[in-house]
Undergrad: 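I'd like to ask you about the structure that follows.
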Amino acid sequence: MLNSIVRATSFVHHVLKGKINKNDVVIDATMGNGNDTVFLAELVGPGGSVFAFDIQQIAVDRTLKKLVDNGLDDHNIRLINDGHENIESYSTGAIDAAMFNLGYLPQGDRSIITKPGSTIKGIKSVLKLLKPGGIISIIMYYGHEGGMDEKQQVSDFVKGLPNKDFVVMNCYYANQGNNPPIIIFIEKMKKDSCFQSECYKNNGF
Ligand SMILES: C[S@@+](CC[C@H](N)C(=O)[O-])C[C@H]1O[C@@H](n2cnc3c(N)ncnc32)[C@H](O)[C@@H]1O
């Protein structure tokens, strides 16, 4: 149940809960304080796998503590102190879902931020690894220095994805100030699926 859309993360978790199943293989591309890693670990359960990435050791340490505190440290979770631009160097195999949460580490060094080049490389890798029907979420926080550039480049990149292969949904807060977060979902189309307007056309609507 979704209680509120006030927090972008609540909405993203709500959507992903409907897509991620026990035993799935998933990626947290920006581990940070470990909230999404814990969320993913609970969803996939002990039979699933979570690969979590962050360039900061402090993020890995905080995430490990959070996993221990939640009794999840015996699950199949790899905390990787490396950038998501290197995802393809790790043997994840095909994945069911991935999460990106862009910006800086809350309660951390605000000068260490996700950057457009590495973020887009990470998204491209994840889209390659994604199973048909799989989904990725991206929350863009962009109020900090450098954030606008990343927001623009990531938005342009996702808009350009071929619509026969991917459905891209862009959600934004229409009436909030102070650079409210933007949420993007990308789902990889299954072979036999078509976007609704195409289906209507084919079915003679
Ligand atoms: C907004 S925080 C993520 C919050 C996190 N999802 C959570 O649940 O707490 C963004 C994180 O991205 C990390 N980051 C920056 N560049 C990165 C990169 N190239 N690869 C992976 N993580 C990166 C930062 O160190 C920071 O911890």
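The model shown is predicted, which means the values in this text are computed figures rather than measured ones. Atoms within a ligand are numbered from 1 in the order they appear, just like the ligands themselves.
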Undergrad: Report all side-chain donor-acceptor pairs from residues 6-21 shorter than 3.5 Å, counting only partners two or more places apart or in another chain.
TA:
| residue | atom | partner | partner atom | Å |
| --- | --- | --- | --- | --- |
| H13 | NE2 | D36 | OD1 | 2.8 |
| K19 | NZ | G133 | O | 2.7 |
| K19 | NZ | E187 | OE1 | 3.3 |

Undergrad: Short list, please: which atoms of ligand 1 are under 4.0 Å from a heavy atom of M31?
TA: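 Listed by number with element: 5 (C), 6 (N), 7 (C), 8 (O), 9 (O).
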Undergrad: Provide, to 0.1 Å, the distance between atom 13 (C) of ligand 1 and the closest protein heavy atom, together with that atom's residue and name.
TA: D54 OD2, 3.2 Å
Undergrad: Considering residues, nucleotides and ligands other than M148, do more than 12 of their heavy atoms fall under 6.0 Å from its CE?
TA: yes
Undergrad: Say whether K66 and N33, considering side chains only, have a donor N or O and an acceptor N or O under 3.5 Å apart.
TA: no
Undergrad: Looking only at protein heavy atoms, which one is nearest to atom 1 (C) of ligand 1, and what is the separation?
TA: Y104 O, 3.2 Å
Undergrad: Please check if the number of heavy atoms outside K164 that lie under 6.0 Å from its NZ is greater than 12.
TA: no
Undergrad: May I ask you to list the atoms of ligand 1 that are less than 4.0 angstrom from any heavy atom of Q56?
TA: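 Those qualifying, in numeric order: 24 (C), 25 (O).
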Undergrad: Is there a polar contact between ligand 1 and D82, counting only N or O atoms under 3.5 Å apart?
TA: no
Undergrad: According to the ring-ring contact (aromatic ring centres under 6.0 Å, His included) rule, which pairs have a member within residues 58-104, sequence neighbours left out?
TA: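 Listed by first then second residue: F53-Y90, H84-F100, Y104-H144.
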Undergrad: Could you tell me, atom by atom, which parts of ligand 1 come under 4.0 Å of a heavy atom of E85?
TA: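 Selected atoms, number and element: 18 (C), 19 (N), 20 (N).
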Undergrad: For ligand 1, which atoms, with element, lie under 4.0 Å from some heavy atom of A29?
TA: 21 (C), 22 (N)
Undergrad: Give the residue and atom name of whichever protein heavy atom lies nearest to atom 3 (C) of ligand 1, and the separation in Å to one decimal.
TA: T30 O, 3.4 Å
Undergrad: For ligand 1, is there an N or O atom under 3.5 Å from any N or O atom of D28?
TA: no
Undergrad: Check the surroundings of atom CG in N163: do more than 12 heavy atoms from other residues, nucleotides or ligands lie under 6.0 Å from it?
TA: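 Count not over threshold, so no.
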Undergrad: Can you tell which part of Y141 has a heavy atom less than 4.0 Å from ligand 1: side chain, backbone, both or neither?
TA: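 Y141 to ligand 1: no contact under 4.0 Å from either part.
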Undergrad: Relative to the heavy atoms of T114, which atoms of ligand 1 are at a distance of less than 4.0 Å?
TA: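 What qualifies from ligand 1 is 12 (O), 14 (N), 15 (C), 16 (N).
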Undergrad: Which atoms of ligand 1 are found less than 4.0 Å from any heavy atom of G103?
TA: 10 (C)
Undergrad: What I want to find out is whether R110 reaches E145 closely enough, with some N-O distance under 4.0 Å, to be called a salt bridge.
TA: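 No, this pair does not count.
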Undergrad: I need the L40 CG to M31 CE distance, nearest 0.5 Å.
TA: 11.5 Å
Undergrad: To the nearest 0.1 Å, how far is atom 9 (O) of ligand 1 from its closest protein heavy atom, and which atom is that?
TA: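 Looking only at protein heavy atoms, the one closest to atom 9 (O) of ligand 1 is N33 N, 2.9 Å.
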Undergrad: Taking only heavy atoms of D36 into account, list the atoms of ligand 1 that are under 4.0 Å away from them.
TA: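 Under 4.0 Å from D36, ligand 1 has these atoms: 6 (N), 8 (O).
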Undergrad: What are the atoms of ligand 1, with element, lying closer than 4.0 Å to any heavy atom of N35?
TA: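 Listed by number with element: 7 (C), 8 (O), 9 (O).
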Undergrad: What's the separation between atom NZ in K124 and atom CD in E85, rounded to the nearest 0.5 Å?
TA: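 Output value for this atom pair is 13.0 Å.
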Undergrad: Go through T30 and N101 one step at a time and tell me if the side-chain hydrogen bond (donor to acceptor under 3.5 Å, both in side chains) criterion holds.
TA: CA-CA 6 Å; T30 48; N101 205 326; 5.4 Å; no
